[in-house]
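First comes the structure, then the notes that go with it.
In listed order, ligands and their atoms are each counted from 1.
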Amino acid sequence: MLTQEENDLITRIGPGTPAGAVLRMYWHPISLARDIDDEHPTKFVRILGEDLVIFKDKSGRMGLLADHCSHRGASLVYGRVEERGISCAYHGWLYDCEGNILETPPERNDAIMKSVKQTAYPVQVYLGMVWAYMGPLPAPPMVHYDTLFRKDGTRVWLIHPKLNANWFQAMENSMDPAHLQILHQEFIGRGRKPPSTTRGFTDDVESYEFFVTDYGALMKKRTYVNGMVDEHPVLFPNILRQGASSQFRVPIDDTHTMHMRMFFYPTEDGSEPEDAFDPEITFEDPIKEDPEKSHPETRFILHSVNSQDQMAWETQGPISNRSAEHLSYSDRGVVLLRRHMKEQIERVARGEDPLGYQRDPDHPMIDTNIDEGVRQLRQDRANLTRRA
Ligand code: FES
Ligand SMILES: [Fe+2]
């Protein structure tokens with residue numbers, strides 16, 4: 001159980017919030033890159049509670065600026081892109097990708113051009129996504145996780161429906177191994193029926209453990225009665241690594257979250273395919289009868305593991321009321337995650353680097369053990385084929 005203040009501290013991520021400061025220390029995928037092209041050179045996005053516009057100028061540079069123009073607030077979504085940046089549609093103030101004001105029609109106001117800057121954040125296009133960094137400059141390098149940087153495999157993005165809930169509910173779920181055997185019992189039995197729907201396949205599991213890895217991830221580990229082990233690291237702060245996939249939970253604001261999953265499939269012979277960094281982009285089918293609404297005005301369609309998870313996260317409420325919860329022994333991974341979040345908040349407030357943060361642009365690739373995840377996946381598929 002948390003007090004309301006503690007709950008606010010770890011969940012609220014808008015500008016000026018302590019948890020928002022932690023999330024702003026990392027690069028996040030914020031949009032499909034293909035959404036911004038010559039025909040549609042601007043796109044509105046809300047990220048970490050900030051209203052922003054992605055744009056591509058006529059020199060091919062991409063920028064991310066605050067939506068409201070510094071002059072009198074019209075949206076830059078309707079700006080005209082030019083060689084040197086984007087010009088507000090209302091009175092023509094011209095901004096470059098760094099937020100500098102280059103022109104202030106109808107007059108030239110040097111005082112304003114020197115003293116005012118439009119909020120601007122660095123962006124880069126990588127793996128078919130626009131990534132943004134919204135923290136203090138200089139921007140760090142993107143963390144070299146194997147799933148993002150290995151050359152010997154192919155990648156697929158799966159874009160899940162928007163989550164109408166706070167990002168931290170999804171992250172707590174990632175440190176909650178007990179729910180797998182119960183919530184997802186219809187999908188994990190491999191043809192077996194659980195002894196009871198209350199316990200699902202709980203009795204398949206011998207033990208759960210949690211620890212911090214040497215590269216700064218929070219690990220949840222299940223050891224099964226049959227000796228099998230699975231380990232799923234949470235790459236701090238908002239990525240779950242599991243099997244062949246990495247699930248990104250990017251806060252739109254305090255009560256909405258983007259949920260995107262990238263699969264990385266290593267080649268069996270170690271070869272490096274040409275399209276390794278050009279993932280196919282796929283979308284999950286709707287998971288609610290009315291996809292725009294939230295519980296209880298709509299009903300979830302529980303046709304997949306993800307839809308079951310999103311049901312659990314959303315029905316906890318827009319921001320789960322942790323002052324009313326009753327944690328049990330099996331929730332100790334959730335407690336660990338909250339403690340780490342609080343510690344990172346304190347570290348960032350002291351000016352220190354949070355967990356998993358990298359400063360060296362040439363830091364070595366981080367091995368999140370994807371080969372084991374893929375090996376298990378292939379073995380599962382082979383077993384299923386043998387049974388069919
Ligand atoms: S509101 Fe943008 S230039 Fe006036
Ligand atoms: Fe789950």
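Between the side chains of Asp230 and Gln376, no donor-acceptor pair is found at a separation under 3.5 Å. A side-chain donor-acceptor contact under 3.5 Å links Asn7 and Arg322.
One finds an angle of 100° at the Fe ion (ligand 2) between NE2 on His179 and NE2 on His184, to the nearest 10 degrees.
Here Arg84 does not pair with Glu82 in a salt bridge; the nearest charged N to carboxylate O distance is not below 4.0 Å. The pair Lys342-Glu6 does not count as a salt bridge, with every side-chain nitrogen at least 4.0 angstrom from each carboxylate oxygen.
Atom 2 (Fe) of ligand 1 has Cys69 among its coordinating residues (N/O/S atom, backbone or side chain, under 2.8 Å). The nearest N, O or S atom of His71 is not closer to atom 2 (Fe) of ligand 1 than 2.8 Å. Look at Asp309 and the Fe ion (ligand 2): an N/O/S atom of the residue is under 2.8 Å from the metal.
Residue Gly92 approaches ligand 1 through these ligand atoms, each under 4.0 Å from one of its heavy atoms: 3 (S). With ligand atoms numbered from 1 in the order given, ligand 1 contributes 1 (S) to contacts under 4.0 Å with heavy atoms of Ala74. Those atoms of ligand 1 with a heavy atom of Cys88 less than 4.0 angstrom away are 1 (S), 2 (Fe), 3 (S). Close approach of ligand 1 to Trp93 is summarised as follows: ligand atoms under 4.0 Å from at least one heavy atom of the residue are 3 (S).
Arg332 forms a cation-pi arrangement with Tyr329, by the criterion of a distance under 6.0 Å to the ring centre and an angle within 45° of the ring axis.
With Asp204 as reference, Arg192 is the one residue of Arg222, Arg199, Arg192 to meet the salt bridge (charged side-chain N to carboxylate O under 4.0 Å, His left out) rule.
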(request) Begin with the C-alpha distance, continue with both residues' side-chain angles, and end with the deciding distance and a verdict on side-chain contact (heavy atoms from CB on, under 4.5 Å) for Trp131 and Leu148. (result) CA-CA 12 Å; Trp131 298 68; Leu148 298 176; 4.1 Å; yes
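In terms of distance to atom 4 (Fe) of ligand 1, the nearest N, O or S atom of His91 is named ND1.
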